[in-house]
Amino acid sequence: MAVDEPTQYTATMARATRIYGVKTKVLRVIPDERGWLMEILRADDADLFTTFGQTYISATYPGVVKAWHYHRRQVDHFACVAGMVKLVLVDTRPESPTNGAINEFFIGTHNPMLVQVPSLVYHGWKCISTETALVVNVPTEPYNYAEPDEYRLEPHHTLPYDWTRKDG
């Protein structure tokens, strides 16, 4: 079940307008006596899947922020399969109907979810669990070592977002 329209408050995203083009899919864990299985992205996910570039996994230590960057062509499909991350998206696209919107998704073992990040949307995450978080990405393009489709900013004080934990 993918959505790309604005949403009300959910446990996965703070109250905000969903950034145009962002889609999510609740992931289902299928357990049995041997362990468990969780499908992340399928070729027959008509609302999400377009093409396959590669699959990789990124480990993030507790409290570490990996941000900010965007891609001009590539679409990312993130799922946190161990630990928890706060995945943050910032829409700076001048022509976007949601320009200026910020979305937070709390994804991982306690909330398995796939988040599709459209091209040109800044994104990054912070490991919010006490253990290392493992994030799987299935981007639409393979990484081009000679000419990376990756445009980076420093994680702090470059976009209108504060990575500090919000107690209350």
Side-chain angles (χ1 to χ4, degrees), residues 1-4 7-16 18-19 21-32 34-45 47-71 74-91 101-143 149-150 152-153 155-156 159 161-167:
M1 166 169 67
V3 293
D4 62 354
T7 184
Q8 297 299 317
Y9 175 80
T10 68
T12 62
M13 188 176 91
R15 184 178 302 271
R18 175 74 55 89
I19 291 174
V22 172
K23 298 178 182 179
T24 63
K25 172 185 170 185
V26 174
L27 300 178
R28 185 171 63 104
V29 176
I30 304 164
D32 66 21
R34 301 165 298 158
W36 56 270
L37 175 139
M38 182 174 61
E39 294 178 345
I40 296 174
L41 182 64
R42 300 168 47 100
D44 59 358
D45 282 336
D47 290 338
L48 289 166
F49 183 79
T50 57
T51 186
F52 173 79
Q54 69 179 58
T55 301
Y56 69 84
I57 191 163
S58 178
T60 308
Y61 297 130
V64 170
V65 173
K66 289 190 174 182
W68 296 106
H69 75 275
Y70 74 89
H71 309 283
Q74 178 174 305
V75 173
D76 286 323
H77 299 90
F78 293 117
C80 182
V81 298
M84 290 290 295
V85 298
K86 175 173 59 171
L87 173 64
V88 181
L89 315 179
V90 180
D91 189 357
I102 297 171
N103 290 171
E104 295 177 316
F105 297 91
F106 298 90
I107 62 173
T109 53
H110 298 291
N111 189 34
M113 175 176 283
L114 176 73
V115 179
Q116 183 183 69
V117 181
S119 57
L120 303 173
V121 171
Y122 276 103
H123 53 281
W125 63 76
K126 178 180 182 178
C127 177
I128 58 171
S129 55
T130 57
E131 70 273 6
T132 298
L134 300 178
V135 176
V136 172
N137 187 15
V138 184
T140 57
E141 305 286 329
Y143 186 80
D149 177 26
E150 198 166 74
R152 295 190 168 275
L153 292 175
H156 303 285
L159 291 176
Y161 189 78
D162 180 2
W163 289 100
T164 306
R165 189 179 71 205
K166 294 155 186 71
D167 295 332

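Please read these numbers as outputs of a predicted model, since none were measured by experiment.
- Between F49 and H77, the ring centre distance reaches or exceeds 6.0 Å.
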Task: Stepwise side chain to side chain contact (heavy atoms under 4.5 Å, CB included) check, M38 with V81 - done: CA-CA 9 Å; M38 182 174 61; V81 298; 3.9 Å; yes
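- Closest non-hydrogen pair, P62 versus T130, comes out as CG-O, 3.3 Å.
- Heavy atoms from other residues, nucleotides or ligands lying under 6.0 Å from OH of Y56 number more than 12.
- The aromatic ring centres of W125 and F105 sit 6.0 Å or more apart.
- Between D76 atom CG and L114 atom CG the span is 10.5 Å, to the nearest 0.5 Å.
- Below 30°, between 30° and 60°, or above 60°: for F78 and H123 the angle between ring planes is between 30° and 60°, a tilted geometry.
- Put simply, CZ on R28 and CE on M113 are 15.5 Å apart, with the number rounded to the nearest 0.5 Å.
- With rounding to the nearest 0.5 Å, the separation of CG in L48 from CD1 in I40 is 12.5 Å.
- Taking CG of D45 as the reference point, atom OG1 of T50 lies at 11.0 Å (rounded to 0.5 Å).
- Q74 and Y143 are not linked by any side-chain donor-acceptor pair at a separation below 3.5 angstrom, with hydrogens and angles left out of the test.
- Between the NZ atom of K86 and the CZ atom of R165 there is a distance of 10.0 Å, given to the nearest 0.5 Å.
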Open item on the list: For K23 and D47: C-alpha separation, side-chain torsions, deciding distance, then whether salt bridge (charged side-chain N to carboxylate O under 4.0 Å, His left out) applies.
Closed with: CA-CA 8 Å; K23 298 178 182 179; D47 290 338; 5.6 Å; no
TODO: Give the intermediate values and the outcome of side chain to side chain contact (heavy atoms under 4.5 Å, CB included) for residues I102 and L89.
DONE: CA-CA 6 Å; I102 297 171; L89 315 179; over 6 Å; no
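- Across every non-hydrogen atom of W163 and A67, the tightest pair is CZ2-CB, 3.6 Å.
- Residues E150 and Y70 fail the side-chain proximity criterion, which asks for heavy atoms closer than 4.5 Å.
- Residues C80 and T109 have side chains not in contact (no heavy-atom distance under 4.5 Å, counting atoms from C-beta outward).
- Using a 4.5 Å cut-off on side-chain heavy atoms (C-beta onward), V29 and P112 make contact.
- Of all the heavy atoms in M84 and S129, the pair that sits closest is N-OG, 3.1 Å.
- Between K66 and S58, the closest heavy-atom pair is NZ-OG, 2.8 Å.
- Listed here is the closest heavy atom pair of E131 and G83: OE2-CA, 3.3 Å.
- You'll find the side chain of V121 reaches within 4.5 Å of the side chain of I19, heavy atoms only.
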Task: Derivation of the side chain to side chain contact (heavy atoms under 4.5 Å, CB included) call for V85 and I128 - done: CA-CA 5 Å; V85 298; I128 58 171; 5.5 Å; no
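- Listed for the W68 side chain is a donor-acceptor partner under 3.5 Å among the backbone atoms of P155.
- Considering only heavy atoms from C-beta on, V22 comes within 4.5 Å of V115 through its side chain.
- Using a 4.5 Å heavy-atom cutoff, the side chains of V138 and F52 are in contact.
- Rounded to the nearest 0.5 Å, atoms CD1 (I107) and CG (L27) are 8.5 Å apart.
- Put simply, the side chain of Y122 does not reach to within 4.5 Å of the side chain of V88, judged on heavy atoms.
- No side-chain heavy atom of P139 sits less than 4.5 Å from a side-chain heavy atom of V75.
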Open item on the list: Please determine whether side chain to side chain contact (heavy atoms under 4.5 Å, CB included) holds for the pair R18 and N103, giving the CA-CA distance in whole Å, both sets of side-chain angles, and the decisive distance to 0.1 Å.
Closed with: CA-CA 7 Å; R18 175 74 55 89; N103 290 171; 3.8 Å; yes
